[in-house]
Asks: 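The following block contains the structure, expressed as structure tokens.
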Amino acid sequence: MIIADDLTGAADCGAACAARGLETVVVLDDSGGIPQADVLAFDANTRGMTAERAAAETARIVREYPARIVYKKIDSTLRGHVAVEVAAALEAYRGLGHPEARAVVAPAFPSMGRTTKNGRMYVRGEAIENRDVGLLLEDAETDEDLRGIVSKWMCHEAGVVWAGSAGLARWLAPERERRDRAAAPKVTGAIVIAVGSPSRRSLEQAEALRGTEVGDDVILVGEAAALAETIARSPERIGGLVLTGGETARAVLSRLGIAALRVVGEVETGVPIMIAEGSRPLPVVTKAGDFGDRETLVACRAALRGLSLD
């Protein structure tokens, strides 16, 4: 079970498990029940909550959905209520019969340029300033370092609550024989690409996409709530969604009444393709604001259209 503080975090961490052959569902709202899956990746939506509410929601999910592996997904740049949520997850897990369990915290995601050295986080070699979260961070500068952390702590007899980004999750998820997974349905309507993240990288990606032939597909840039309202006006015309930024993805999907998504693949590392659970199998791609390179949104549209970039 994965508990993330925003939707793109739940999705990219869930995609790391799906890549290992595990049936994975991303849950936005559990009030109406949840689908069956090997991995449940909850968007607890705590990034914008008070610390007290964030802790309570994190603990609730741990208690209500006991799992063999509990993974507190944290932001790889240490945004949000990192220490509070890790502590809440650990306390709740200890209350489920693991009184001596400890937290192993490794937020590094080397393939995305996020590394940890001497307990300090770096993004593409630049130290993150003023992000002391009060936790002991495991050092990791490579994927092999993350693999070593998993090997070191996996057999810890007292139990472990894991805390990290999708980087650590890729090594923690047990690999299974790959099953026949549902392919993303053919997109017949317009693809709506919504960029709500203000990050420079996302805006560059939108600019690159505008420089290509997009046909009837639509590119929207703006604030999350406004994007959600615009998209919700004509849901029947939407054939697929590409959503950049966790707040944007959450706002759009919630406005469309989507409570869960099943992961079916990845466009590239950290950029999952999912299908909305429910009566209409809508394809959805989500991407954290600062993930990817200049051509990532071009690749997202191509993936939904079944196009080759060669």
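Note: hydrogens, waters and symmetry copies are ignored here, and every other heavy atom, side chains too, is used. Counting begins at 1 with the first residue of the sequence.
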Asks: With a 4.0 Å cut-off, would you call Asp139 and Lys117 a salt bridge?
Replies: no
Asks: Are any non-hydrogen side-chain atoms of Cys300 and Glu295 less than 4.5 angstrom apart?
Replies: no
Asks: Are Leu168 and Val39 connected, step by step, through hydrophobic side chains (Ile, Leu, Val, Met, Phe, Trp, Tyr) whose heavy atoms are closer than 4.5 Å?
Replies: yes
Asks: May I have the step-by-step check of side-chain contact (heavy atoms from CB on, under 4.5 Å) for Leu282 and Ile275, ending in yes or no?
Replies: CA-CA 5 Å; Leu282 182 70; Ile275 301 174; over 6 Å; no
Asks: Is the backbone N or O of Gly292 less than 3.5 Å from a side-chain atom of Arg201, with the two atoms forming a donor-acceptor pair by type?
Replies: yes
Asks: Side chains of Val86 and Leu135, heavy atoms from C-beta outward: is any pair under 4.5 Å?
Replies: yes
Asks: So do Val70 and Val62 actually touch side chain to side chain, heavy atoms under 4.5 Å?
Replies: yes
Asks: Say you draw a straight line from CG of Leu40 to CD1 of Ile2; how long is it, rounded to the nearest 0.5 Å?
Replies: 9.0 Å
Asks: Could you check if a side-chain atom of Leu243 sits within less than 4.5 angstrom of a side-chain atom of Lys287, using non-hydrogen atoms only?
Replies: no
Asks: Tell me if a side-chain donor or acceptor on Ser165 pairs with a main-chain N or O of Gly167 at a distance below 3.5 Å.
Replies: yes
Asks: Among His81, Arg53, Glu85, Glu57, which one satisfies side chain to side chain donor-acceptor pair (under 3.5 Å) with Thr46?
Replies: Glu85
Asks: Under 3.5 Å, is there a donor-acceptor pair between the side chain of Thr142 and the main chain of Asp145?
Replies: yes
Asks: Tell me, do Asp38 and Thr24 make a side-chain contact under 4.5 Å, heavy atoms counted?
Replies: no
Asks: Quick check: does any side chain N or O of Trp153 sit under 3.5 Å from a backbone N or O of Val160, one acting as donor and the other as acceptor?
Replies: no
Asks: Any idea which heavy atoms bring Pro272 and Asp12 closest together, and the distance?
Replies: CG-N, 4.1 Å
Asks: Can you sort out the partners of Tyr122 under ring-ring contact (aromatic ring centres under 6.0 Å, His included), two or more places apart, ordered by chain and number?
Replies: none
Asks: Rounded to the nearest 0.5 Å, what separates atom CG in Leu253 from atom CD1 in Ile258?
Replies: 5.0 Å
Asks: Carefully, step by step, assess Glu23 and Arg262 under the rule salt bridge (Lys or Arg N to Asp or Glu O under 4.0 Å).
Replies: CA-CA 8 Å; Glu23 190 73 18; Arg262 194 167 296 270; 2.9 Å; yes
Asks: State the CE-CD distance between Met1 and Glu64, to the nearest 0.5 angstrom.
Replies: 10.0 Å
Asks: Taking NZ, NE, NH1 and NH2 as the nitrogens, is one of them in Arg301 or Asp217 under 4.0 Å from a carboxylate oxygen of the other?
Replies: yes
Asks: Are Phe291 and Leu7 connected in a single hydrophobic cluster, I mean Ile/Leu/Val/Met/Phe/Trp/Tyr linked by side-chain heavy atoms less than 4.5 Å apart?
Replies: no
Asks: Give, for atom CZ of Phe109 and atom OG1 of Thr116, the distance between the pair rounded to the nearest 0.5 Å.
Replies: 12.5 Å
Asks: Below 4.0 angstrom, N of the basic side chain to O of the carboxylate: do Arg120 and Glu129 qualify?
Replies: yes
Asks: Crowded around Arg147 CZ? As in, over 12 foreign heavy atoms under 6.0 Å?
Replies: no
Asks: Who passes salt bridge (Lys or Arg N to Asp or Glu O under 4.0 Å) against Arg200, sequence neighbours left out?
Replies: Glu204
Asks: What are the two closest heavy atoms between Leu146 and Ala108, and how far apart are they?
Replies: CD1-O, 3.8 Å
Asks: Are the side chain of Arg170 and the backbone N or O of Cys17 linked by a donor-acceptor pair below 3.5 Å?
Replies: no
Asks: Should Glu207 and Arg210 count as an ion pair when the cut-off is N to O under 4.0 Å?
Replies: no
Asks: Report the C-alpha separation of Leu241 and Ile191 in whole Å, then their side-chain angles, then the decisive distance to 0.1 Å, and conclude whether the side-chain contact (heavy atoms from CB on, under 4.5 Å) test is met.
Replies: CA-CA 6 Å; Leu241 291 168; Ile191 296 173; over 6 Å; no
Asks: Identify the two heavy atoms, one from Leu203 and one from Ser197, that lie closest to each other, and give their separation to 0.1 Å.
Replies: CD2-O, 4.3 Å
Asks: Counting only heavy atoms not in Glu52, do more than 12 sit closer than 6.0 Å to its CD atom?
Replies: no
Asks: Checking the side chain of Arg114 only, and the main-chain atoms of Met112 only, is there a donor and an acceptor separated by less than 3.5 Å?
Replies: yes
Asks: To check you understand the geometry: which heavy-atom pair defines the closest contact between Ala224 and Ala251, and what is its length?
Replies: O-CB, 3.9 Å
Asks: Indicate yes or no for a side-chain donor-acceptor contact from Glu213 to the backbone of Gly215 under 3.5 Å, with no hydrogens or angles considered.
Replies: yes
Asks: Regarding Asp216 and Arg237, does a basic nitrogen lie under 4.0 Å from an acidic carboxylate oxygen?
Replies: no
Asks: Quick one: does any side-chain atom of Asp5 pair with a main-chain N or O of Arg47 as donor and acceptor, under 3.5 Å?
Replies: no
Asks: Measuring only between side-chain heavy atoms, which start at C-beta, is Val104 closer than 4.5 Å to Arg102?
Replies: yes
Asks: Linking I/L/V/M/F/W/Y whenever any side-chain heavy atoms sit under 4.5 Å apart, do Met49 and Val27 land together?
Replies: no
Asks: Determine, stepwise, if the pair Asp143 / Trp171 fulfils side-chain contact (heavy atoms from CB on, under 4.5 Å).
Replies: CA-CA 8 Å; Asp143 281 330; Trp171 294 107; 3.7 Å; yes
Asks: Begin from the C-alpha positions of Val242 and Leu297 and carry the test side-chain contact (heavy atoms from CB on, under 4.5 Å) through to its verdict.
Replies: CA-CA 8 Å; Val242 178; Leu297 287 183; 3.8 Å; yes
Asks: Return the minimal non-hydrogen interatomic distance between Ile231 and Ala194, and the atom names on each side.
Replies: CD1-CB, 3.9 Å
Asks: Specify the closest pair of heavy atoms between Ala208 and Thr212, including all atoms of both residues, with the distance to one decimal.
Replies: O-CG2, 3.5 Å
Asks: For residues Glu268 and Thr296, is any side-chain donor paired with an opposing acceptor at under 3.5 Å?
Replies: yes
Asks: Quick one: does any side-chain atom of Ser202 pair with a main-chain N or O of Gly289 as donor and acceptor, under 3.5 Å?
Replies: yes
Asks: Given side chains that start at C-beta, do those of Thr77 and Met121 come closer than 4.5 Å, heavy atoms only?
Replies: no
Asks: Backbone N or O of Thr269 within a donor-acceptor pair of the Glu266 side chain at under 3.5 Å?
Replies: no
Asks: Between Arg60 and Asp30, is the salt bridge (Lys or Arg N to Asp or Glu O under 4.0 Å) condition met? List the steps.
Replies: CA-CA 12 Å; Arg60 178 190 73 82; Asp30 64 338; 3.1 Å; yes
Asks: Under the salt bridge (Lys or Arg N to Asp or Glu O under 4.0 Å) criterion, do Arg124 and Asp290 qualify, and how do the steps go?
Replies: CA-CA 12 Å; Arg124 302 183 186 96; Asp290 199 41; 3.1 Å; yes
Asks: Find out whether Asn45 and Arg250 are in side-chain contact, i.e. whether some heavy atom of one side chain is under 4.5 Å from a heavy atom of the other.
Replies: yes
Asks: Should Val271 and Leu209 be regarded as members of a common hydrophobic cluster, given that ILVMFWY residues are connected when their side-chain heavy atoms come within less than 4.5 Å of each other, either directly or indirectly?
Replies: yes
Asks: What distance do Cys13 atom SG and Ile3 atom CD1 have between them, rounded to the nearest 0.5 Å?
Replies: 11.0 Å
Asks: Tell me whether Val285 shares a hydrophobic cluster with Ile193, the cluster being built from Ile, Leu, Val, Met, Phe, Trp, Tyr side chains joined at under 4.5 Å.
Replies: yes
Asks: Using 0.5 Å steps for rounding, measure from the CG atom of Asp43 to the CG atom of Leu261.
Replies: 10.0 Å
